[in-house]
Amino acid sequence: MALWATSCSSSEKLFLASSAATRRRMGSRRRDLVHVGMTDQAETETISIAYKEGDRERPKWADETPFSRLVEALISFKPFYSLLKLGARQVLISTAERNNIPWREMTKEILESDVYKELNTIQNTSLQYPDYYLSPFHAYDEGNLSWLAAAEAEVATMSMTRRAIPYAPSNEEATQEMRGNWVQAIKQHHMKHSGNVTIQNIVDIGCSVGVSTRFLADEFPSAKVTGLDLSPYFLSVAQYKEKKRPPRKNPIRWIHAAGENTGLPSKSFDLVSFSYVFHECPERAIIALVNEAFRLLRPGGTLAITDQAPKSKILQELSPALFTLMKSTEPFLNEYYLTDLEERLREAGFVNMKTLLTDPRHMTMTATVPHQHV
C-alpha cells in the first residue's frame with residue numbers, strides 16, 4: 001500500500017489510520033497532528049496522520065542522569081512514595097471524572113457482581129509468579145493480584161486513553177483512534193510481510209481484563225482468539241464481562257499463565273499481541289516474552305507490541321511532577337525506556353521491524369517471523 005506525504009517533517013512518523021467511517025467519527029485534529037494524505041484500497045479508505053516526535057531517542061528523565069537517580073531515590077523513600085502513589089491514582093480518577101467516565105460506578109458494579117465465581121474456572125493454582133510481578137503496580141500494593149485492581153482496570157484504561165487523546169470529541173472517539181490505529185498497523189504489517197498468511201489464531205499476552213482481546217476478536221471475527229494473563233483476578237473480570245455480551249462464533253479462550261512460558265504449542269499462532277505490557281517488565285522479562293512470542297508464531301506470523309513511545313514529544317516534555325508520579329507506579333519504567341526493543345526482537349530472530357507512533361503517547365512496533373523459520 002502506497003503512502004505519500006505533504007508538509008511532514010523528518011521528526012514525524014507516518015501512520016495509516018482506520019476507515020473513512022472512523023475518520024468521520026474522529027472529527028478535527030489538534031495542531032500537533034499533521035494530515036499527510038489518503039489512499040484507497042479495496043473497500044478500505046485510510047488516512048495518514050503524523051504524531052509529533054521529540055528530539056531525543058527517549059525522555060531525558062529515563063536516562064541514567066543525576067536528576068533521574070534523584071527521582072528514583074525519592075520514590076524509594078516510603079513516606080514520599082505513599083504520597084506519590086495517592087497522587088498518581090488521583091490523576092487517573094480526576095481525568096476520568098472530567099471526561100464523564102464513571103470511575104466509582106463502574107468499579108462498584110464489578111465489585112458487587114458475581115465476578116468472584118469466575119475465579120475457580122480461571123485460576124491455575126500451581127502457577128509460580130515471576131518475582132517482578134509481585135511488585136506494587138499502579139498504586140496497588142498487591143500489584144495486579146487483587147480484586148480492586150481488576151475492578152478498576154477497564155476504567156483506568158479509559159482514563160489513560162483520554163490522557164493520551166484529550167482532543168477527541170468523546171470517549172468513544174478517543175478509543176477508536178487509539179485502538180483503531182493500533183489494529184490498522186497490525187493489518188498493514190501483516191498484509192505486507194506475511195506472504196498471504198491468514199490470521200486464524202491470535203494470542204493476546206498480558207491481556208488484563210480483556211479490553212485489547214475483545215478488540216482483536218471484533219476486528220478478526222473469523223480468528224480463534226486467546227487472552228492470557230498472570231492475574232486470575234483480571235481474567236475473572238475478562239471472562240465475566242465477555243459472558244455479558246452476545247455469543248461469538250469463536251468464543252475467546254482465557255488462560256492463566258506466564259507470558260514467558262505460556263505452555264501453548266509452538267508455531268500455533270499467526271498473531272501475538274502485547275498491549276501496554278512491556279513498560280511493566282524488567283528487561284530480562286521483555287527478552288523472555290519476545291523469545292516466547294517467536295516460538296509461538298508460525299512462519300510469516302506477526303508480532304505486535306503497543307506501549308509507551310520513547311520518542312513521543314509529549315512524554316519527552318512531561319513536567320518533573322508528572323513523570324515522577326508516573327515512575328512511582330511503574331517500578332520498571334526506566335528499564336523499559338533503556339531497552340533497545342528492536343534489537344531484542346532482532347536477536348530473537350524477528351525481521352521486518354517497524355515502529356510507528358499510533359497516538360501522541362504510544363507506539364506500535366510490528367515484526368515478522370521469517371518464512372524459512374523451522
Side-chain angles (χ1 to χ4, degrees), residues 53-54 56-78 80-92 95 130-145 149 152-153 156-157 159-161 163-164 178 205-206 208 230-231 259-260 274-290 305-344 355 357-365:
E53 287 188 352
R56 301 169 55 87
E57 287 299 308
R58 67 182 65 86
K60 62 183 178 181
W61 48 259
D63 282 332
E64 293 294 335
T65 64
F67 182 64
S68 180
R69 288 193 288 271
L70 173 62
V71 171
E72 294 295 324
L74 289 173
I75 292 170
S76 66
F77 182 55
K78 287 189 177 181
F80 190 58
Y81 165 75
S82 297
L83 291 175
L84 288 173
K85 181 175 67 173
L86 292 174
R89 178 177 171 80
Q90 189 54 45
V91 166
L92 277 178
T95 299
D131 57 354
Y132 71 86
Y133 197 73
L134 302 176
S135 302
F137 284 107
H138 301 158
Y140 305 104
D141 289 338
E142 304 89 353
N144 294 333
L145 296 173
E152 292 185 334
T157 298
S159 182
M160 178 269 289
T161 301
R163 288 192 67 77
M178 176 180 282
I205 297 178
S208 181
L230 268 168
S231 173
E260 303 94 320
F274 295 95
S275 294
Y276 311 105
V277 173
F278 283 13
H279 74 276
E280 297 183 359
C281 301
E283 184 175 24
R284 57 186 166 85
I286 291 173
I287 292 170
L289 290 167
V290 166
I305 301 163
T306 189
D307 217 310
Q308 295 183 26
K311 292 187 177 182
S312 160
K313 181 177 176 65
I314 290 177
L315 292 183
Q316 290 191 9
E317 295 179 356
L318 280 181
S319 69
L322 283 177
F323 72 65
T324 302
L325 285 178
M326 186 166 70
K327 291 176 79 170
S328 72
T329 63
E330 304 286 1
F332 304 108
L333 195 62
N334 264 25
E335 283 199 54
Y336 166 73
Y337 276 100
L338 294 171
T339 297
D340 186 339
L341 195 50
E342 286 200 12
E343 182 60 26
R344 300 291 85 79
T355 303
L357 265 68
T358 42
D359 69 60
R361 290 176 178 243
H362 302 103
M363 63 84 189
T364 297
M365 182 179 295

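Sequence positions, counted from 1, serve as the residue numbers for this chain. Both backbone and side-chain heavy atoms feed into the values below; hydrogens, waters and symmetry mates do not.
We find the OG1-CZ distance between Thr339 and Arg58 to be 9.0 Å, quoted to the nearest 0.5 Å. Note that the OG1 atom of Thr306 and the CE atom of Met365 stand 10.5 Å from one another [nearest 0.5 Å]. Separation of atoms CD (Gln90) and OG1 (Thr95) is listed at 9.0 Å; rounding is to 0.5 Å. Distance CG/Leu145 to OH/Tyr140: 13.0 Å, rounded to 0.5 Å.
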Is there a side chain to side chain contact (heavy atoms under 4.5 Å, CB included) between Tyr276 and Ser208 once you walk through the steps?
-> CA-CA 10 Å; Tyr276 311 105; Ser208 181; over 6 Å; no

Please walk me through it: do Ile205 and Val277 pass side chain to side chain contact (heavy atoms under 4.5 Å, CB included)?
-> CA-CA 8 Å; Ile205 297 178; Val277 173; 5.9 Å; no

Evaluation steps, side chain to side chain contact (heavy atoms under 4.5 Å, CB included), between Glu57 and Lys311 | CA-CA 6 Å; Glu57 287 299 308; Lys311 292 187 177 182; 3.2 Å; yes

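A donor-acceptor pair is defined here as one N or O able to donate and one able to accept, closer than 3.5 Å; no such pair exists between the side chain of Asp359 and the backbone of Met178. With Ser312 contributing its side chain and Pro360 its backbone, the two residues share a donor-acceptor pair below 3.5 Å. In this structure a side-chain-to-backbone donor-acceptor pair under 3.5 Å is missing from Tyr132 to Arg284. Side-chain N or O atoms of Glu335 include one that pairs as donor or acceptor with a backbone N or O of Glu283 at under 3.5 Å. For the pair Asp307 (side chain) and Phe278 (backbone), a donor-acceptor distance under 3.5 Å is present. No donor-acceptor pair closer than 3.5 Å links the side chain of Thr329 to the backbone N or O of Phe137. Remark: the backbone N or O of Arg163 is paired with a side-chain donor or acceptor of Arg361 at under 3.5 angstrom. A donor-acceptor pair under 3.5 Å links the side-chain atoms of Ser231 to the main chain of Asn144, judged by distance alone. Proximity of a side-chain donor or acceptor of Gln316 to a complementary backbone N or O of Lys60 within less than 3.5 Å is not detected.
With contacts defined as side-chain heavy-atom distances shorter than 4.5 Å, the pair Leu315/Leu318 qualifies. For the pair Val290/Phe274, no side-chain contact is recorded, criterion being any heavy-atom separation below 4.5 Å from C-beta on. Taking 4.5 Å as the limit, every side-chain heavy atom of Thr355 sits out of range of all side-chain heavy atoms of Ile305. Here the side chains of Glu280 and Glu330 are in contact, with some heavy-atom distance below 4.5 Å. Leu357 has its side chain out of reach of His362: every pair of non-hydrogen atoms, C-beta onward, lies at least 4.5 Å apart. Using a 4.5 Å heavy-atom cutoff, the side chains of Phe332 and Cys281 are not in contact.
For Glu342, the CD atom is densely surrounded, since the number of other residues' heavy atoms within 6.0 Å is greater than 12.
Residues Leu333 and Gln308 approach most closely at CD1-OE1, 3.7 Å, considering heavy atoms.
Relative orientation of the Trp61 and Phe323 rings is parallel, given thresholds of 30° and 60° on the angle between their planes.
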